[in-house]
Amino acid sequence: MLYTNIDLDNGMKMLLKKTEDLCLEGLEGVKNVLVELNNGKDLPNLKRLHVKNGRHVQHIKTNKIGFSELCFITLENLPQLVSFCSPDERCSTKPLLLSNKQTCHWVTNLRSLIIKGCGKLEHLLSPSLARSLVQLQCFEIEDCNCLRDIILTEEIDEERKDVICFPRLNSLYIDGLPNLIFFNSGNHNIEFPLLKELRIRRFPKLIEFISQNSNQSGMHALFSEKVAVPSLEDMHISDLSNVKMIFYNDLPSGSFKNIRKVSVWGCGSLKNLFPVSIAKDLPQLEHLSITGCGVEEIVSKGDGVEEQPVRFEFPQVSYLDVSLVENLKCFYEGQHTIVWPMLKKLTTDRSALPKIVASEHLRLIQGNEEPVLLGEEVIPKLEELELQNFGDMDQFPPDLFQHIKVFALSGGSPFSLFPFVRRFYNMERLKFSCLDFKHVVPCKGDAGTLPPIRNLELFSARNLNHIWRKGSELDHILSNLQTLTVLRCDDWINIRAFSSSLQNLTILNVSLCKMTTNLVTPSVLKNLVQLTTIKVEDCTKMTEIVGNEGDCHQTIVVSKLKYLLFTSFCPRYYNFEFPCLEELVVERCPWLKIFSEGVLSTPQLQRIKQSRYFEEWSWTSDLNTTIQQLYTEKGGLYGQCDFNISDAFPESIEIWTRNTQENLGIKNLRSLHFYKCSSLKYIFTPSMLLGLNLLQRIKVRECSSMEQVVREEEEAMTHKFTFLSLRSVTIESCSNLTNFHLGSQALKFPQLSDIRIAECPKMTAFSSSVSRESGDASENVVVIPRLERLDLSSINIHKIWHHSSSPSIGYLNFLRVKRCHNLKYLFPFFLAKDLEQLRFLGILDCNMMEQVIFTDGLVEEHQGRNQMFFFNQRSLWLNDLPKLTSLCFENYFEFHCLADLTLRNCPLLKTFISKCVPGDEPQIGQHVQASNLEVHNSSLLNEKVVFPSLKRLQIQNCDLLEEIIELQGVIADESQSTSAAQSIVAETVTTKFVFPKLINLGLDKVPRLKSFYSRMNTTHWPSLKKMDIIECPKVQIFTPQCPGSQVGISNQQPLFCVNEDTFPVLEELTLKTNDMGKGICDGQLSLQCFQNLKHLNLQFFPETSTTLPYSFIRSLPVLHKLVIDNASICQIVQSEGLSDQEWHTSAFYQLKELSLSQLPELTLKTFEPSLLSFKNLTTLKVSRCHGFINLIACSTAKCLTLLERLIIDDCEMIEEIIACEAEEIQGGIVFPKLKYLQLSCLPCLAIFSLAHHLLEFPVLLMVMVTKCPQMRNFCQGDLSTPRLEQMHLTRDEEGELKWEGDLNTTIKHMFDEMNVQNSEVTEVTDQLPNLE
């Protein structure tokens, strides 16, 4: 390997002639590699060529250099590379990496071609050269931002040969090509007869593999009949946001018969995965995964649904993952059956599961019948189920899960978890992830047949104490538990409460639990009689394994423990016996001074292991003596490579301040951590740096006296210091730190990739020197060519980059600046153009920031470069910047991949790119008042900003913003319609804007916002799913789209002119306005305007509207969730003035969740079933609605047949939940689906229902009654709660379980107890002495 310098002596040049494997890295200033390397001479033996990290490399060779044996080429991180050959060699009018066989005659031998990070390449191959790659086996292309074609067809005669074949290609990887539309721009047939592995990732513009006309259905497909891959076994496709079909519908059966693995991820526009012809013939398929895609069906119907039922059998599929597919409607639209005879592991969610395992004999094309679930026949061998977004699982038959041995559950509502778990008769391993067990029904312990669970994993689980207590069902089903793993459970304290179910536990693993201070008490440890292994890792607050329990002189025998890995065991005077302990690992435990103060017996232990991964052992007579000696010797040194220095280990400070090289063997150090070193003012001197060639990480935290990390106190022996291997620098909370380096020498960090500096308020520069004559500080040169992450917070810098040519920015992909209040801009313009790799940029809470990119004072050579392309940036956050006026002045920006744009608390921000009168640009640093700037527009976006991939736009507290878009007479045609700001269809008067990929839009507290665009316009949001419009008082939110005759009548345009095409997929809408009539509608909206809206959240309209406009309500045909908060309405829908047809058309007939809060004028009439249909309601929540005396009429209650959750909270006047007239009492009331009932903070509530009729709750599992002091009884009539009796459950306000045989008796008992407690309090109060 040759690094940085290619000026070779004669001996090295002689070696080059014989070299077979040549790697060139970090070539500074080199433009034509092999010419400058070897003076244009041949390299006859060269077989492998790897060129990487050459910022200036443009060409590799000329035709005068021969290397006939070259077989393997890797080109990596060459941002200026345009061709393998120099311009005089090309035969193509456009630059190609490999031009033709005459200049690249060696390509016929090429076996591997790997190209990564070559940002200027636009085209790779010509068709003739592609045909010459007859030996190519591996082809990889990654992160080439400008690449448009892999095979470019330029001349007509090249079309005459219609086949391009890669006869030996085995693997093809193409990844991160934002401008690639086709693999081949021509219309050739492409054959890959031996291709086995195909990976295609991150192509926002890719439509088809081969450029051709769309198929008969008008849909472009990634693979058509022109692409042949008969041997393909592994296909991975992800992040293709434009692809709607992967396989052409008319592909012949057997086209992919050898495929074994299919993985598709993150393809939001994808409509289906397979056509019928392919899905019916996948005999070798073993692994199928489709996640995060927009698919509506797994198998497409093609040009028509087959009349006869279709049988889909996947004979070899053993792993199936169908998750995060919110739009999935069915597996196949027609009649069909599905069989997965070999399926062993299934990952899915609650909504997708029935589509996967359903045999739909009864489902007709036009019908709505539910699928028939035949679990035993469909998935007879399923052993492992990973279920996301848990919910109601009653629809699934018990035999569907009878063979499952591993059950993993993540997310969702685990309310009815344990009744579901009872179905797993053979379950051995249970895993809970990201669940809150606060409202889970803790069932009776001895109910039902228990699965033999031997392994339990808890990951990010909260409120475990609610379900795991003595006598609970979880306690009971874990009686056979052998392995317990607890990871990232922040509120988990220890296993004291769970010990009764752990008598068979053999392995205990605990890691990353922030609140755990000790693991077990002595009494619990005694009961763990089968325990053989304990592992405790990264629990930052843990001080001991065995906590205190009173009697410190007892003897504790842990009879079977063989393996122990921990932080600290027990510093108290307990006597411990470990008769079987054979292996003890003590790793990275700097505070460990002694194992135990008491008597300690470890007869089998002969040594201590200091690392899990390396053979490092210690022993000195006994365990305690060995621990003490390790603490004394190491003084913070974790191992031969890691050293921890802290005031907690005075010895470590002493060792470091002595002759460090002699005492530590500093040459081997790879990691240094300084923590609370109050006496150290600096860490390194130049002489110490000479031995740190292997150092990779430096971390300095809370060192209050630290002033520098490197200080030159003696005369430097060199003109620069180089940290050869340093990769990471972290400095946090060092209140007196002024610099990383103080001295006169330059610093070089060839491998440094990650810098984090936080809470160092006196730090003014990374490196600076102080003049001995003047005492003034000046900044030194710092070279960091590989910097990838830079995170700066709360430091006193005025600039980050100071030099016009900085090699520190070309690889930067993450930059966050926070609370740096002296920064007035982030980048000078001449550096910003090099941000090709930047993916995340966040500027947060910087009080003086006026611009992100500063253009003032540009030298003439930079003036013309007014276009910037941010090819890789995904996220841009500008938050809490009180003086920010714009991103930049007078430049054109294109953010090809920007998906997330957040602008928050920028009160002076008027526009993204300011357009000033020439000569009026503000001079940053001259304290110009931003309010006086002559900025001639107050709209966020204009024709100078392009966001073709924007998915999320959030604008909050931008006080001066009046419009979203301003266009000064610029009308683009449809060919330019990929831009959010330029997607305009030219019409006579009205402008149309299209935001093709935006999914989430939020406008929050934008007080001056008047319109989207000041002139007549329409907008189209084909991908928008979530929209929040909050407190924008000057804007009319929705109006019907005006006909052409009315154009120009209104002076102010609304935010949205709505028709059927405006929001075709909008699912969630939040509106918060003080005038809902103005906010929603002042006209009649079409019934199809919000045809897919499922969640509507209406907040804060207390002043004007008394009801919701019926014209708006009726435009929500599929609304599932309605939230109304803080409003002055007496009815949800006004009945007066409705036509007969409207009277007989109930609103909300699809509504499933209804939440009403802070609505003081609502009364019993709210729930009249004549206007509002509640037949599909599953959740009803009413809170802080003080106008209710009775909540639900009897007739309404009888309609709530699907209600599952009923929550009534803080309603001061409610006396009764269900009010029944005398004529309504007959027949009783049944809540067939209600599982959860909560009544809380209801001071006047006396009873659920006074009527003497039967109340039935056949599946009620939990009742929570809190702060209802007047509630003496649940109901007057008969009451049936069979499941509640089985579960033995109600809750009082402390969360304790209570049960007195039935619900009425339990309520009465709670009332009596409350009165006794109140009387006792009254009696004590009366006995208190009078203090007056």
Next item on the list: Decide yes or no for Ile627 and Ile608: does some side-chain heavy atom of the first lie under 4.5 Å from some side-chain heavy atom of the second?
Entry: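 In short, these two side chains touch, coming nearer than 4.5 Å.
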Notebook entry, point to check: Is the Tyr332 ring parallel, tilted or perpendicular to the Phe312 ring (thresholds 30°, 60°)?
Noted result: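 Perpendicular.
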Note to self: Please evaluate residues Lys1235 and Glu1204 with respect to the criterion salt bridge (charged side-chain N to carboxylate O under 4.0 Å, His left out), reporting the C-alpha separation (whole Å), side-chain torsions for both, the decisive distance (0.1 Å), and the verdict.
What the structure shows: CA-CA 5 Å; Lys1235 296 181 179 180; Glu1204 298 178 3; 5.6 Å; no
Margin query: With a sphere of 6.0 Å drawn around CZ of Arg199, does it hold more than 12 non-hydrogen atoms of other residues, nucleotides or ligands?
Written below: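 Enclosed.
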Next item on the list: Report the residue from Val317, Ile404, Leu353, Leu387 that forms a side-chain contact (heavy atoms from CB on, under 4.5 Å) with Leu346.
Entry: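 Going through Val317, Ile404, Leu353, Leu387 one by one, the side-chain contact (heavy atoms from CB on, under 4.5 Å) with Leu346 is satisfied by Leu353 alone.
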Checklist line | Result of checking Leu270, Asn327, Val322 against Val295 for side-chain contact (heavy atoms from CB on, under 4.5 Å) | finding: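 Answer after filtering Leu270, Asn327, Val322: Leu270.
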Ion pair [X]/[Y], N-O distance below 4.0 Å:
X	Y	result
Arg202	Asp239	no
Glu313	Arg311	yes
Arg429	Glu384	no

Note to self: Does either side chain, that of Tyr173 or that of Glu197, offer a donor lying less than 3.5 Å from an acceptor on the other one?
What the structure shows: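 Per modelled atom types, Tyr173 and Glu197 side chains form a pair under 3.5 Å.
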Next item on the list: Kindly write out the residues that satisfy side-chain hydrogen bond (donor to acceptor under 3.5 Å, both in side chains) with Gln284, not counting sequence neighbours, or none if the list is empty.
Entry: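 Partners of Gln284 by the side-chain hydrogen bond (donor to acceptor under 3.5 Å, both in side chains) criterion come out as none, since no residue qualifies.
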Check: If every non-hydrogen atom of Val486 is compared with every non-hydrogen atom of Cys513, which pair is closest and at what distance?
Finding: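 The answer is CG1-SG, 3.8 Å.
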Checklist line | Contact summary for Arg260 and Leu285, nearest pair of heavy atoms | finding: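 Looking at all heavy atoms of both residues, the closest pair is O-CD1, 3.5 Å.
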Check: Among all residues two or more places apart in sequence or in another chain, which pass the ring pair (Phe, Tyr, Trp, His ring centres under 6.0 Å) test with His1120?
Finding: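 His1120 satisfies ring pair (Phe, Tyr, Trp, His ring centres under 6.0 Å) with no other residue.
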